[in-house]
Amino acid sequence: MSPTQKELEQNLQVDTYTKAFNEQAFQSDLINWFQIVKRDLPWRQDQDPYKVWVSEIMLQQTQVDTVIPYFNRFIQQFPTANALADADEQEVLKAWEGLGYYSRARNLHHAVKEVKANYGGEVPKEIQQLSTLKGIGPYTLGAIMSIAYDTPVPAVDGNVMRVLSRVLLIGEDIKMQKTRKLFERVIERIISQTDPSSFNQGLMELGALICRPKNPDCINCPVKMYCLALKEDKVADLPVKAKAKKQKERNYFVAVIETEDHQYLIEKRTEQGLLQNLFQFPMFETTQIDDVLFNEYVNAYFNHPIKFTGKLAPVKHVFSHLIWHLDVYHFKVEGAFTAGENKRWVEQAALTDYPFSVSHQQIIRQFD
DNA sequence: TAACCGTGGAG
DNA sequence: TCTCCAAGGTT
């Protein structure tokens, strides 16, 4: 089977970036540095593929210091793939509460059930099997294959693209998916065959500690002698990254409805879109209606006499692609009434049993 | 492809 | 306050 025209062009492109590159010496210097300075992180205690998997999912778009306490609690609560598979989704979401990107938790839970059903609870080490699991994309695939199974597969994350764009002077826009694929092809040429785990982790550790987005510590860089950007004084210009779009803004009324014996009405979000299956206080998107109309609307919506008792502090919540402005209203009712399928009444102390997004945690914190 | 999907830290 | 960005994946 001969390579296609496209593949030939791609190989040529990789050639231009790697032809004058001494990958043997680079590997050696990078790996030796990593062995000396690597941080003592909880997921580096052993090579358990399940723990590597959990850590890599949590670390997606999330800083190490944020992940550490979540990882420790999660592994204590769900020590094995089978233990996680046997858990309820609500438990898993609760353990993920506050970490964000909740599809990661739901996909991990789904995938672990598949591992239990199809692979006897053992995380597969075949690349084809691993890559079909929900939530395991190209980066995580390479990370698990290399870190857990010592197999030379590229693991291209933001750190790796930043480091290699500088070392090899690659000016492609790292927002583009085809650029990530370019880096994967480059790494297939230069990855260590004997210690791909330290090679991949070394690139990421270098990006985190030395080759930082701002104020890179080039003086102390273990591979500065290979760095074309440093040689040409272009470190600050790389990587090239398209600007992010501005978030859209949305306004909501939130109804905190409390009974005389201090039960609160909460509702479960849908299985689609934002914050799937998380809980919240009933909320309604608003465009132009005012406070008075909202009070009438709430009474009509629930078909029950509900007494407005005052406003709580408004909440502004910034997502990656969205900004919520929540106007929070407090209502009193005499007792719990039938409110609908996805709704339930919960005592104040029991609110902590349910997974809420941070926006609604900010509301709960005002109850004291 | 580009939009969607969270949250918190750092400059 | 504002902007970027952090061990990305899915659709």
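Note on naming: letters A, B, ... go to the chains in the order of the sequence lines (proteins, then strands), and numbering restarts at 1 for each one.
Residues passing the ring pair (Phe, Tyr, Trp, His ring centres under 6.0 Å) test with Phe74(A), sequence neighbours excluded: Phe78(A), Trp96(A). Every side chain to side chain contact (heavy atoms under 4.5 Å, CB included) that Asp353(A) has, sequence neighbours left out, goes to Ala350(A). Not counting sequence neighbours, the partners of Val358(A) by the side chain to side chain contact (heavy atoms under 4.5 Å, CB included) test are His317(A), Gln361(A), Gln362(A).
Judged by the 6.0 Å distance and 45° axis criteria, Arg185(A) is not positioned over the aromatic ring of Phe183(A).
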Could you tabulate the donor-acceptor pairs under 3.5 Å formed by side-chain atoms of residues 230-252 of chain A, not counting sequence neighbours?
{"unit_1": "Gln247(A)", "atom_1": "NE2", "unit_2": "Phe319(A)", "atom_2": "O", "d": "3.3"}
{"unit_1": "Glu249(A)", "atom_1": "OE1", "unit_2": "His325(A)", "atom_2": "NE2", "d": "2.6"}

Return all side-chain donor-acceptor pairs below 3.5 angstrom for residues 199-215 of chain A, not counting sequence neighbours, or 'none' if the list is empty.
{"unit_1": "Asn200(A)", "atom_1": "ND2", "unit_2": "Ser146(A)", "atom_2": "OG", "d": "3.0"}
{"unit_1": "Asn200(A)", "atom_1": "ND2", "unit_2": "Val153(A)", "atom_2": "O", "d": "3.0"}
{"unit_1": "Gln201(A)", "atom_1": "OE1", "unit_2": "Arg44(A)", "atom_2": "NE", "d": "3.2"}
{"unit_1": "Gln201(A)", "atom_1": "NE2", "unit_2": "Ser197(A)", "atom_2": "OG", "d": "3.0"}
{"unit_1": "Glu205(A)", "atom_1": "OE1", "unit_2": "Arg39(A)", "atom_2": "NH2", "d": "3.1"}
{"unit_1": "Glu205(A)", "atom_1": "OE1", "unit_2": "Arg44(A)", "atom_2": "NH2", "d": "3.1"}
{"unit_1": "Glu205(A)", "atom_1": "OE2", "unit_2": "Arg39(A)", "atom_2": "N", "d": "3.0"}
{"unit_1": "Glu205(A)", "atom_1": "OE2", "unit_2": "Arg39(A)", "atom_2": "NE", "d": "3.0"}
{"unit_1": "Glu205(A)", "atom_1": "OE2", "unit_2": "Arg44(A)", "atom_2": "NH1", "d": "3.3"}
{"unit_1": "Arg212(A)", "atom_1": "NE", "unit_2": "Asn215(A)", "atom_2": "O", "d": "3.1"}
{"unit_1": "Arg212(A)", "atom_1": "NH1", "unit_2": "Leu209(A)", "atom_2": "O", "d": "3.2"}
{"unit_1": "Arg212(A)", "atom_1": "NH2", "unit_2": "Asn215(A)", "atom_2": "O", "d": "2.6"}

Output a table of donor-acceptor pairs, distance under 3.5 Å, between side-chain atoms of residues 119-133 of chain A and any protein atom two or more places apart or on a different chain; print 'none' if there are none.
{"unit_1": "Ser131(A)", "atom_1": "OG", "unit_2": "Ile127(A)", "atom_2": "O", "d": "3.1"}
{"unit_1": "Ser131(A)", "atom_1": "OG", "unit_2": "Gln128(A)", "atom_2": "O", "d": "2.9"}
{"unit_1": "Thr132(A)", "atom_1": "OG1", "unit_2": "Gln129(A)", "atom_2": "O", "d": "2.8"}

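Arg269(A) comes within contact range of no nucleotide atom at all, as no heavy-atom separation falls under 4.0 Å. Among the protein residues, Trp43(A) comes within range of the nucleic acid bases, having at least one heavy atom under 4.0 Å from a base atom.
Where Asn107(A) and Glu56(A) meet DNA chain C, the nucleotide closest to each residue was compared, and Glu56(A) sits on the side nearer the 5' end.
When rounded to the nearest whole Å, the span between CG of Asn200(A) and C1' of dA7(C) equals 11 Å. Computed from coordinates, the Leu203(A) CG to dA6(C) P distance equals 15 Å when rounded to whole Å. Distance CG (Leu133(A)) to C1' (dT10(C)): 15 Å, rounded to an integer number of Å. Summarising the geometry, the separation between CG on Leu108(A) and P on dG8(C) is reported as 16 Å, rounded to the nearest angstrom. Rounded to an integer number of Å, the gap from CZ of Arg212(A) to C1' of dC4(C) is 16 Å. Atom NZ in Lys38(A) sits about 18 Å away from atom P in dA7(C), given to the nearest Å. The distance between atom CG of Leu59(A) and atom P of dG8(C), rounded to the nearest whole Å, is 8 Å.
Checked by atom type, the side-chain pair Asn295(A)/Tyr329(A) shows no donor-acceptor distance below 3.5 Å. Side chain to side chain, Ser198(A) and Gln35(A) meet the donor-acceptor criterion of an N or O pair below 3.5 Å. Looking only at atom types and distance, the side chain of Tyr139(A) has a donor-acceptor partner in the side chain of Glu56(A) under 3.5 Å away. Side-chain polar atoms of Thr80(A) and Asn82(A) form no donor-acceptor pair below 3.5 angstrom.
Contacts classified as ring-ring contact (aromatic ring centres under 6.0 Å, His included) and involving residues 36-67 of chain A (residues at least two apart or in different chains) are given here: Trp43(A)-Phe71(A). Identified under the side chain to side chain donor-acceptor pair (under 3.5 Å) test for residues 273-282 of chain A, with sequence neighbours left out: Glu89(A)-Asn277(A), Arg106(A)-Gln276(A), Glu267(A)-Gln280(A), Arg269(A)-Gln280(A).
When the C1' atom is used for both dT10(C) and dG8(B), the distance is 23 Å, rounded to whole Å. Nucleotides dG9(B) and dG9(C) are separated by 23 Å at their C1' atoms, to the nearest Å. Comparing the same atom, C1', in dC5(B) and in dA6(C) gives a spacing of 15 Å after rounding to whole Å. Rounded to whole Å, the C1' atom of dG6(B) lies 13 Å from the corresponding atom of dC5(C).
Taking CD1 from Ile266(A) and CZ from Phe356(A), the interatomic distance works out to 4.0 Å, rounded to the nearest 0.5 Å.
Of the residues in residues 235-249 of chain A, those lying under 4.0 Å from DNA chain C by heavy-atom distance are Lys241(A), Lys243(A). Residues of residues 168-190 of chain A that place a heavy atom closer than 4.0 Å to DNA chain C, in numerical order, are Gln177(A). Listed by residue number, the members of residues 138-150 of chain A with any heavy atom below 4.0 angstrom from DNA chain C are Pro138(A), Tyr139(A), Thr140(A).
Taking side-chain N and O atoms only, Arg162(A) has no distance below 4.0 Å to OP1 or OP2 of dC5(C).
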Subject >> Nucleotide-resolved protein contact map, nucleotides 6-11 of chain B, B/S/- at heavy-atom distance under 4.0 Å >> reply: BBBS--

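Between Tyr301(A) and Phe331(A), the distance separating the two ring centers is not shorter than 6.0 angstrom.
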